Amino acid sequence: MPPRGADDDRKSGKGDGGSKNDTATITKPKTKSKRPSLYRVLLLNDDYTPMEFVVLVLQDVFNKTREEAMRIMLHVHNQGVGECGVYPFEVAETKVTRVMDAARKNQHPLQCVMEKQ
C-alpha cells in the first residue's frame, strides 16, 4: 500500500484539515441540588433545672437575646416543650450536644432533642 499524504487525510475528513462536523460538544447533565432536611431543636421542661440556667443556655448555644431566651424559657415552662431553632442536621445535632453537655456539667436534668421538620 502506498504511503498516505496530507491530501488523503483532508479528503477522508481525518486529520487537521477535517470537515467542520468533527466538533463534539460535551454537556454535563444538569443536577438539581436538594435542600438539606431541617430539624427543630426542642427543650423539654423538667421540675429541677433552674430557669436562669435555661436562659443562659439559650443565650450561649442558640445566640438568643435575653428577651428571646426568657420568652422561650417561659414557653417551655408553661407548655412542657419549646422550640429553640430550626437547623440543618449537623448544626442541630451539635446544638443538642452542647445543651446536653452543659446540663450534665452543671448537674441539671435538662433535656434537649431534635426532630425532623
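Computation of the quantities below employed the complete heavy-atom set of this structure, encompassing side-chain atoms and omitting hydrogens, waters and symmetry-equivalent molecules. It should be emphasised that the depicted structure is a prediction, and the values quoted were computed from it without experimental measurement.
- Using a 4.0 Å cut-off between charged nitrogen and carboxylate oxygen, Arg98 and Asp101 do not count as a salt-bridge pair.
- Across all their heavy atoms, Ala69 and Gln59 have their closest contact at CB-CG, 3.9 Å.
- Hydrophobic clustering, with ILVMFWY side chains joined whenever heavy atoms are under 4.5 angstrom apart, keeps Leu56 apart from Met70.
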N/O donor to acceptor pairs below 3.5 angstrom from side-chain atoms of residues 37-48, sequence neighbours left out:
from	atom 1	to	atom 2	distance (Å)
Arg40	NE	Glu83	OE1	2.5
Arg40	NH1	Glu115	OE2	2.7
Arg40	NH2	Glu83	OE1	3.2
Asp46	OD1	Tyr48	N	2.8
Asp46	OD1	Thr49	N	2.6
Asp46	OD1	Thr49	OG1	3.0
Asp46	OD2	Thr49	OG1	2.8

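- In this structure, Lys64 contributes its side chain and Cys84 its backbone to a donor-acceptor pair below 3.5 Å.
- Val113 and Leu110 fall into different hydrophobic clusters, where Ile, Leu, Val, Met, Phe, Trp and Tyr residues are linked whenever their side-chain heavy atoms come under 4.5 Å apart, directly or through other members.
- Both Phe53 and Val55 are members of a single hydrophobic cluster when ILVMFWY side chains are connected at heavy-atom separations under 4.5 Å.
- At a threshold of 4.5 Å between side-chain heavy atoms, the hydrophobic network of Ile, Leu, Val, Met, Phe, Trp and Tyr places Met100 and Tyr87 in one connected group.
- Heavy-atom minimum distance, Pro50 versus His108: CD-CE1, 3.2 Å.
- The shortest non-hydrogen separation linking Cys112 to Val99 is CB-CG1, 3.6 Å.
- No chain of hydrophobic side-chain contacts below 4.5 Å, direct or via other Ile, Leu, Val, Met, Phe, Trp or Tyr residues, connects Val86 to Met114.
- Within 6.0 Å of NE2 on His77 lie no more than 12 heavy atoms contributed by other residues, nucleotides or ligands.
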